[in-house]
Amino acid sequence: MIIEETRIDIWKQIEIKPIKEKKESKDIKLIVGLGNPEKKYFDTYHNIGFCFIDKLSSKLDIKVKKKECKSLTGEGFIEKEEIEVDSKTGKISSKLVKKKIILAKPQTYMNKSGEAVLELIKKYKLSLDEILIVLDDIDIDAGTYRYRENGSGGTHNGLKNIVELLKSQNFKRIRIGIGKDEKIPLIDYVLSKVTKEKREKINEAMERAIDYLLNLIK
């Protein structure tokens, strides 16, 4: 199932649930942005995942500098207000809850991203429904994004390697659209510098995707 980007009502930012209600799925605890580590790749389309993590880490005030699991990582918290309704008395109460989150930028180079993701999952003892991968996508127009809860690796080598090593397609991902240029071969395009025109659109899409993600985390 594909969930296109959507505007989220401010009231949906507050989670309302009965006391002791069991969750259908686990919280997102690890967010991995895909990219290549060398400086020459910094401003390229294929490093949009890294850019996403940089923006998110700045917003959450999390430093992504720790070297572990073939990645640079950082740990922090997201504060969420929860409202609980007592099913017996109808009494409403609220509390501020801190959700621990881990941000990561694999340093393996794109084609071996799965090695870092696998090590992170093992170290932090996570299940597949507790991780989310952020990547660039040439099949989506610049200025848009898509959220999916499963799917193949498609034409993206980083995502394909993750699927291969995890032996599963069942993990969440956010694809940031970068568009394409029919005149330029795929490999040359994704490793080229982001144009000024597309940079503005992509930055706007990333900001909307971050807002969506923060509301998605329960």
Side-chain angles (χ1 to χ4, degrees), residues 26-80 97-137 145-148 156-159 161-163 165-166 171-178 190-191 193-194 199-200 202-218:
K26 295 185 178 180
D27 295 344
I28 295 171
K29 295 181 180 178
L30 171 66
I31 302 171
V32 182
L34 304 187
N36 289 303
E38 288 187 60
K39 288 184 179 179
K40 65 181 180 179
Y41 297 116
F42 174 73
D43 202 21
T44 62
Y45 291 103
H46 227 18
N47 268 37
I48 293 303
F50 278 12
C51 293
F52 185 95
I53 293 296
D54 289 341
K55 287 180 178 293
L56 182 57
S57 65
S58 178
K59 193 161 191 171
L60 299 178
D61 194 24
I62 297 175
K63 298 185 185 304
V64 183
K65 293 183 177 181
K66 183 178 180 180
K67 296 180 180 179
E68 62 174 352
C69 303
K70 299 180 181 178
S71 305
L72 292 179
T73 69
E75 294 184 33
F77 296 90
I78 297 175
E79 291 188 344
K80 304 287 286 187
V97 178
K98 289 186 175 182
K99 306 285 187 176
K100 183 179 178 180
I101 201 77
I102 303 164
L103 307 182
K105 296 162 66 174
Q107 302 295 291
T108 57
Y109 291 93
M110 185 65 78
N111 292 2
K112 295 185 178 180
S113 299
E115 295 180 6
V117 174
L118 186 59
E119 288 196 19
L120 287 165
I121 288 174
K122 288 181 177 179
K123 176 171 182 177
Y124 290 98
K125 297 180 173 61
L126 302 173
S127 60
L128 292 188
D129 56 357
E130 292 176 316
I131 71 170
L132 179 139
I133 310 297
V134 183
L135 62 144
D136 58 283
D137 194 320
Y145 73 88
R146 289 179 183 173
Y147 165 76
R148 295 190 67 180
H156 195 284
N157 289 334
L159 191 59
N161 185 246
I162 294 173
V163 169
L165 294 189
L166 296 187
F171 53 85
K172 304 174 183 71
R173 72 285 305 268
I174 287 179
R175 296 173 177 263
I176 306 295
I178 61 172
V190 297
L191 294 179
K193 300 292 184 180
V194 179
R199 182 191 309 283
E200 184 176 346
I202 290 172
N203 282 337
E204 290 176 355
M206 284 195 287
E207 291 294 340
R208 294 196 300 273
I210 286 174
D211 289 341
Y212 182 86
L213 173 60
L214 294 179
N215 282 283
L216 184 67
I217 296 175
K218 296 181 180 181

If you define the side chain from C-beta out and look only at heavy atoms, does anything of [X] sit under 4.5 Å from [Y]?
X    : Y    : value
D136 : I202 : no
M206 : Y145 : no
L56  : V134 : no
K172 : D129 : yes
K100 : E75  : yes
M110 : L135 : no
I178 : V190 : yes

Drop me the distance from [X]'s [atom1] to [Y]'s [atom2], to the nearest 0.5 angstrom.
X    : Y    : atom1 : atom2 : value
Y147 : L216 : OH    : CG    : 4.5 Å
T73  : Q107 : OG1   : CD    : 10.5 Å
K112 : L165 : NZ    : CG    : 10.5 Å
I78  : I28  : CD1   : CD1   : 8.5 Å
L30  : S127 : CG    : OG    : 11.0 Å
R146 : I174 : CZ    : CD1   : 13.5 Å

Where is the tightest heavy-atom contact between [X] and [Y], given as atom of each residue plus distance?
X    : Y    : answer
C69  : K123 : SG-CD, 3.8 Å
I102 : Y124 : CD1-CD2, 3.4 Å
K65  : L72  : O-CD2, 3.7 Å
L191 : T44  : O-CG2, 3.2 Å
F52  : A209 : CE1-CB, 3.8 Å
L159 : R175 : CD2-NH2, 3.3 Å

Heavy-atom donor-acceptor pair, [X] side chain to [Y] backbone, under 3.5 Å:
X    : Y    : result
S57  : D54  : yes
D43  : K193 : no
K105 : P37  : no
T108 : P106 : no

**Residues which pass side chain to side chain donor-acceptor pair (under 3.5 Å) with E38, listed by chain and number, not counting sequence neighbours** = Y109
**Message:** Whether the D137 and H156 side chains hold a donor-acceptor pair (N or O, under 3.5 Å, no angle test) is what I'd like checked.
**Reply:** no
**Request:** Take N111 and N157 through the side chain to side chain contact (heavy atoms under 4.5 Å, CB included) test and state the conclusion after the steps.
**Result:** CA-CA 5 Å; N111 292 2; N157 289 334; 3.3 Å; yes
**Item:** Residue K63 excluded, over 12 heavy atoms near NZ under 6.0 Å
**Value:** no
**Prompt:** Take atom CD in E200; do more than 12 heavy atoms of anything else shown fall under 6.0 Å from it?
**Reply:** no
**Message:** I101 vs I62, test: side chain to side chain contact (heavy atoms under 4.5 Å, CB included). Steps then yes/no.
**Reply:** CA-CA 9 Å; I101 201 77; I62 297 175; 3.7 Å; yes
**Derivation and outcome, side chain to side chain contact (heavy atoms under 4.5 Å, CB included), residues V117 and N161** = CA-CA 10 Å; V117 174; N161 185 246; over 6 Å; no
**Audit row: F171, I162, side chain to side chain contact (heavy atoms under 4.5 Å, CB included) steps and yes/no** = CA-CA 10 Å; F171 53 85; I162 294 173; 3.7 Å; yes
